[in-house]
Amino acid sequence: MTDAKQKAAPNRSRGRRIARGLGATAAALVVAAAGTGAWYYQRLDHNITTFAPEGIASSRPPVATPAPTGGRPVNILLLGSDTRDDGNSSLGGGEEGVGHSDTAILLHVYADHKHAVGVSIPRDTLVTIPPCLLPSGKWSQSRTSQMFNSAFTIGEFKAGNPACTQNTVEALTGLRVDHTLVVDFKGFAAITSAVGGVDVCVPNDVDSYGIHLTKGRQTVSGQQAVDYVRARHGLGDSSDIGRMLRQQAFMSSLIKKVQGKGFDLTTLLPLADAATKSLTVDPELGSPYKLAEFAQSLQDIQLSDIQFVTLPWRFQGARVAVVEPDASILWNLLRQDRTLDGHPTGDAGTSASPSPGASTSPSTSPGAGAGLEPGPGASPSATASATASATADPGGAATLNVPVTVHNAAKTAGLAGRTALALRGNGYTDITIGANTPARRTTLIEYAPSQRAAAEHLAQLYPGAELRSTATDSIVLTLGQDRADTPGLPDGTAQDDGTGLGSASPGTLPSAIPSGITGNTRPADADLCSDLSFG
């Protein structure tokens with residue numbers, strides 16, 4: 001494989017959502033097209049670009065456990081690159097350069113491979129970006145409170161850094177990303193043209209930032225399709241939140257078009273060509289046959305069995321903060337392979353969407369009522385005290401947003417990962433798993449003088465931990481050998497597998513799904529013109 005093929009990074013666009021509908025259908029078409037001749041297969045194979053595996057983190061969440069029926073859940077990260085390089089400036093405008101991943105959906109395909117949920121991650125979400133591979137071969141330092149879409153730019157690779165974004169998503173969610181696909185403006189435009197256009201609904205006339213759209217239902221392709229999924233100003237409050245709603249509607253419409261078209265070769269071949277040209281994929285999907293096999297595994301998912309949900313969020317100035325415990329509950333639902341209303345997909349008659357009556361309860365303050373695992377090593381009374389303090393005392397609740405870095409000095413495999421998941425379950429929003437450190441007997445909590453209150457709050461989960469004021473940008477929790485025998489996860493969940501990121505289902509589910517999930521959900525078969533703006 002050539003250097004260009006290995007190291008090319010992804011491109012971004014709302015078109016990346018295309019990769020989601022196409023990832024299930026077009027990839028299968030790729031191999032069908034290849035059957036028309038070896039020369040065409042070689043052409044398609046040459047089209048596909050993969051990113052280098054070296055940038056994928058070595059410490060990752062475990063692969064999902066197969067269901068009793070034999071199927072296994074699959075998580076697919078779909079990214080859109082807004083790079084203006086390589087001829088994309090004619091579609092996106094602006095200057096050439098490394099793009100951001102302004103569009104990101106984590107698609108969870110359930111073990112039955114008949115249901116799916118796409119989680120939209122706002123580009124402005126403040127997250128921790130873990131260490132990522134640089135062009136020099138060295139790894140970057142972990143960065144806290146960074147915009148999510150900036151992970152794609154780490155190292156300033158010409159085509160972006162999809163491995164870094166994948167690492168960031170895994171650290172954020174505790175879910176293993178099985179496959180990553182990236183699409184740029186050119187690929188998006190080509191695919192929409194190849195399917196004969198996509199039906200959309202424009203809420204109102206738009207004439208802003210070079211984008212011109214007319215109100216009403218219409219069919220768009222090429223440049224118009226790119227404009228539709230990019231448009232932000234002049235619609236609702238001009239936020240990225242509203243734009244994601246329209247992208248979810250577009251993605252649903254694209255899937256419907258691809259599933260219902262019934263392709264002959266005159267349609268199939270251009271689509272297969274456009275699809276493979278548009279994709280940058282992980283190494284495991286780096287051939288037409290691999291793409292097709294993957295696509296065929298998703299072919300039984302119907303539009304009515306797909307949901308979109310936006311990561312629970314709130315505005316934090318000009319940026320977006322993750323709302324807890326809602327987000328942790330969402331990730332826990334997916335780790336347990338449950339629908340958004342908390343049911344196993346194998347239950348007869350269950351829907352992938354939250355039932356209206358199950359989720360009207362408003363979000364609580366961070367850490368309250370999450371129904372997740374207590375802090376590692378904490379007694380029930382200490383955990384209850386800490387949770388009550390975080391709920392009743394506004395100052396205590398605020399400490400849950402302080403960055404915490406977790407190091408394992410207990411020499412117990414996976415302890416730092418289990419601890420990170422447990423802390424998220426207790427409402428902490430900014431957790432980084434650091435490197436293992438030399439063994440020490442007792443647990444240590446280091447903090448800057450200004451963070452003493454937050455450190456004392458954390459210490460309630462670790463009775464007997466040493467508190468030490470030091471020069472640090474975050475609270476540093478170093479787990480000593482007094483935590484080596486931290487009990488396993490509740491409800492009979494399996495112990496950590498040594499990856500450092502715990503088991504697939506850390507904790508119990510709440511009795512009611514919070515509004516941060518139910519209020520941000522869109523069924524894929526919703527009316528084309530419904531819920532297209534925010535604000």
Side-chain angles (χ1 to χ4, degrees), residues 10-30 33 44 47-48 78-84 86-93 99 102-105 107 118 120 181-202 206 210-214 216-232 243-264 266-281 291 295 303 306 308 524 528-529 532:
N11 322 345
R12 158 198 45 157
S13 124
R14 301 316 190 241
R16 166 235 113 224
R17 301 207 165 195
I18 230 175
R20 160 137 166 60
L22 230 56
T25 334
L29 300 175
V30 165
L44 300 181
N47 286 348
I48 300 172
L78 305 166
L79 300 173
S81 169
D82 70 353
T83 181
R84 267 60 168 184
D86 194 26
N88 282 284
S89 59
S90 61
L91 288 164
D102 281 356
T103 302
I105 294 179
L107 178 69
S120 294
L181 299 88
V182 188
V183 181
D184 63 5
F185 293 146
K186 288 195 310 180
F188 180 82
I191 293 171
T192 58
S193 296
V195 300
V198 177
D199 296 334
V200 300
C201 185
V202 183
V206 178
I211 293 177
H212 310 285
L213 297 169
T214 303
R217 293 176 181 263
Q218 55 203 278
T219 301
V220 297
S221 62
Q223 179 73 64
Q224 272 196 316
V226 172
D227 287 348
Y228 180 85
V229 294
R230 291 188 61 223
R232 180 162 59 96
R243 176 164 57 181
M244 288 192 304
L245 295 175
R246 293 184 292 278
Q247 291 172 355
Q248 290 173 356
F250 186 98
M251 194 63 228
S252 299
S253 188
L254 172 64
I255 296 169
K256 182 178 180 179
K257 183 67 172 284
V258 173
Q259 288 183 341
K261 193 170 178 64
F263 294 99
D264 55 22
T266 60
T267 302
L268 186 151
L269 296 182
L271 178 57
D273 196 31
T276 51
K277 278 182 179 177
S278 73
L279 297 178
T280 297
V281 300
L291 269 174
L303 192 68
I306 300 172
F308 289 100
L528 195 60
C529 292
L532 295 178

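These values consider heavy atoms only, across backbone and side chains, with no hydrogens, waters or symmetry-generated copies.
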Between [X] and [Y], which heavy-atom pair has the shortest distance, and what is it?
| X | Y | answer |
| --- | --- | --- |
| A104 | L79 | CB-CD2, 3.7 Å |
| R243 | R230 | NH1-O, 2.8 Å |
| K257 | G197 | NZ-O, 2.5 Å |
| V200 | F250 | CG1-CD1, 3.4 Å |
| C201 | Y228 | O-OH, 3.1 Å |

Value for CD (Q224) from CG (L213), rounded to nearest 0.5 Å, stands at 7.0 Å

Rounded distance (nearest 0.5 Å) linking atom CG of L78 with atom CD1 of I105: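 Rounded to the nearest 0.5 Å, the CG-CD1 separation comes out at 6.0 Å.
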
Side chain to side chain contact (heavy atoms under 4.5 Å, CB included) evaluation trace for R246 with V229: CA-CA 7 Å; R246 293 184 292 278; V229 294; over 6 Å; no

Among all residues two or more places apart in sequence or in another chain, which pass the side chain to side chain donor-acceptor pair (under 3.5 Å) test with T219?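 T219 satisfies side chain to side chain donor-acceptor pair (under 3.5 Å) with D199 once adjacent residues are dropped.
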
side-chain contact (heavy atoms from CB on, under 4.5 Å) with T280: of V182, V183, L181, D184, only one passes, and it is V182

Just to verify, what does S221 make a side chain to side chain contact (heavy atoms under 4.5 Å, CB included) with, not counting sequence neighbours? T192, S193

Considering only heavy atoms from C-beta outward, does the side chain of I306 approach that of S252 to under 4.5 Å? no

